[in-house]
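We count ligands from 1, going down the list as the structure has it; atoms in each ligand are counted the same way. Values below: every heavy atom of this structure, side chains too, minus hydrogens, waters and symmetry copies.
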Amino acid sequence: MSFHRIRSNDEYRAAYAESVRDPHAFWAAQAEHFTWRKKWDAVLEWNFDAPEVKWFSGGKLNITENCLDRHLSTRGDKTAILWEPNDPGGPAQRISYRELHDRVCRYANVLKRNGVQKGDRVCIYMPMIPELVVAVLACARIGAIHSVVFAGFSAQSIADRILDANAAFVLTSDGMVRGAKNIPVKAVVDEALRSCPGVKRVIVTQRTGDPVTMQEGRDVWMHMETGFVDADCPAEEMDAEDPLFILYTSGSTGKPKGVVHTCGGYMVYTDYTFRNVFQYEENDVFWCTADVGWITGHSYIIYGPLLAGATSLMFEGVPTFPDAGRFWQVIDKHQVNIFYTAPTAIRSLMAQGLDFVNPYSLASLKVIGSVGEPINEEAWHWYKEHIGKNNCPIVDTWWQTETGGILISSMAGVTDEKPSYAAWPIPGVQPVLLTAEGKEILENDVEGLLAIKFPWPSIIRTTYGDHERCRQTYFSSYKGYYFTGDGARRDSEGRYRIIGRVDDVINVSGHRFGTAEIENAINESEWVVESAVVGYPHDIKGQGIYAYVIPEKPITDPDQARAEILATVTKVIGPIAKPDKIQFVSGLPKTRSGKIMRRILRKVAENELGSLGDTSTLLDPAVVEEITNNRL
Ligand code: PRX
């Protein structure tokens, strides 16, 4: 049995057992479903100490042949990308598989014409327009490595990522529309490129028509370039282990790292999880509300759905424009069958009240999903009742940028679900809970550190340009395991519930930031001597950012000082990293060796003042009293 498509709990159990008993045979059977120019020599070679993981090595393929060409004879006229614009009155676009293939080939030829070669890194900074999907696939078509940077990041963040990846090409747009506003995009790239002299070419797609500056010899318009190319672009033959993309994500250090995924394993795993977790059926309309700038958009707007030959809805706008009913209106308009969003969106729309939901039938929905952060029980039940009408299974999917695809989730209507539990590992995924000392906890009904003891096909291969960092971050804390950075609970029957990060990472509205990264940004403000940042529970965002700041000089106008600090964070990282609370303090609780006691700061931010623990070992215990008294 190939277990390609799991349809019952018994099949899930059998597939899971088989995937552990013989992972090579299990994944080889999944990989058989794709177009390979040449089959692999070995299914899996691995060693978590180096780390070195190779899936399907020796195999030759191009992922775009599997996303596009493979479907042309059977699904050529089927809609691949169904684009809903920001403006509800604007026309939606239905891009068929044939048209997408054509556009990707043309774009790929434009890339070649502009000097992009196999292996080159290409930075993509674009809003949620179809051209973004085309650009990503065009890179993959010619074997260039895409590095998509979320279009809400600042110029400085773009520059950091371009420099780290040593990218000589940038794909962008003139501007973007979000809600009632036009926002410049090219101008942000221009600013970034002042510190990136290595960028040779910028290709600009028109979206808003707003005026932009084009630098002679460096910047070209996409609509002019397409006039010079045809739609014939054979796919580059890639090794299964050639890099497909880099995606930057935050960890506990100050500098985001470039997570590298490769062609073969990522293809097999995103397709497998897309079809099985969501129980996708031919002709379902699938809508993932993430931005392509995050891993969720890579894996479940672009690659997973297109590999499965699905119709993937891509939405340019925001959930609250023109009002908080927009998601529900779009679901009815396009008869969406599978809807995949984030707890923060659910909570914020829940807070707006049912008046925004009730006008819509939502009767097309079959499966609803959640991703990015723990979903609290209240939001889970609201989602189940008011959006799913008690008729749709909920899949709470746990995974990470580094995992490439969903690792723990129920399969819609096939395995059981339990509120706030991601529940069951996907076949091939072997999670364990560890004690702080790294000992495996074998019993059920326990909590521990979540680690994975065996590779799955889309596991991170390296961090771009710094393999040692990959080893240290993920494979050195507990020898022989991939360490996730999350804590989890396992119930008496073996379902997993993700509790949250156990490292210095904060998850704000499903976006990941390192506390050190935000502190570095705050410290760039001239008002600041030193800062410490912690997360605290936030009703809508999941976690909010609480910053303790030692000011440069006594603060006479706290509002102005806060505004200045927020502006600095916006400039260094982007508006999504702005602290929710900034408390000015005269000192930080430090040990005699100078280490900040974040535990205390966390407790104060969480308003758990009764459990601060022992503060006697601090350099200056009085500081705790001051911080506690002035808590925001
Ligand atoms: O803490 C977990 C949380 O998001 C982290 C991964 O963030 P990122 O790489 O940005 O990817 C987000 C989208 C895949 C995890 O370490 N997380 C993600 N999904 C869930 C979750 N926490 C609880 N439940 C989830 N379903």
Side-chain angles (χ1 to χ4, degrees), residues 148-150 152-153 245-252 256-261 266 269-270 273-274 277-278 288-301 303-304 340-347 368-377 379-380 383 394-410 417-426 429 431 447 449-452 458-460 463 473-474 477 482-489 495-514 517 535 537 541-543 576-577:
V148 180
V149 177
F150 171 61
F153 275 121
F245 66 85
I246 305 171
L247 186 59
Y248 284 85
T249 191
S250 301
S252 33
K257 48 191 173 283
V259 172
V260 175
H261 286 289
Y266 180 81
Y269 196 77
T270 51
T273 48
F274 173 74
V277 169
F278 301 105
C288 164
T289 69
D291 192 287
V292 166
W294 311 113
I295 191 69
T296 309
H298 281 59
S299 301
Y300 300 108
I301 293 176
Y303 288 110
Y340 189 33
T341 195
T344 187
I346 299 168
R347 287 190 297 262
I368 54 182
S370 164
V371 58
E373 37 166 331
I375 178 166
N376 48 309
E377 290 209 27
W380 193 98
Y383 197 31
I394 294 184
V395 288
D396 174 358
T397 64
W398 173 82
W399 57 299
Q400 309 179 300
T401 305
E402 295 85 346
T403 71
I406 297 164
L407 293 198
I408 302 182
S409 170
S410 48
E417 64 188 23
K418 179 170 170 181
S420 80
Y421 277 73
W424 306 106
I426 300 298
V429 175
E447 274 180 22
L449 302 167
L450 181 62
I452 319 281
S458 62
I459 187 174
I460 178 175
T463 45
T473 312
Y474 306 105
S477 314
Y482 165 82
F483 178 49
T484 66
D486 280 317
R489 136 158 227 95
R495 294 179 201 85
Y496 287 87
R497 171 192 198 155
I498 310 303
I499 297 167
R501 302 288 305 196
V502 295
D503 52 7
D504 290 325
V505 168
I506 319 183
N507 192 329
V508 188
S509 300
H511 305 319
R512 240 168 105 169
F513 297 103
E517 186 186 1
K541 298 177 171 186
Q543 278 190 295
I576 48 178

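- Using modelled atom types and a 3.5 Å distance limit, the side chains of Q400 and Y482 yield a donor-acceptor pair.
- The side chain to side chain contact (heavy atoms under 4.5 Å, CB included) check on T401 picks up L247, T249, V259, I295, R512, with sequence neighbours excluded.
- Side chains of S410 and Y421: a donor-acceptor N/O pair is absent below 3.5 angstrom, by distance only.
- The immediate protein surroundings of ligand 1, defined as residues with any heavy atom under 4.0 Å of it, consist of I295, T296, V371, G372, E373, P374, D396, T397, W398, W399, Q400, T401, D486, I498, R501, N507, R512.
- Using cut-offs of 30° and 60° on the angle between ring planes, the pair F278 and F274 is tilted.
- The six-membered or imidazole ring of W399 lies away from that of Y269, with a centre-to-centre distance of 6.0 Å or more.
- A side-chain donor from one of T397 and Y340 sits under 3.5 Å from a side-chain acceptor of the other.
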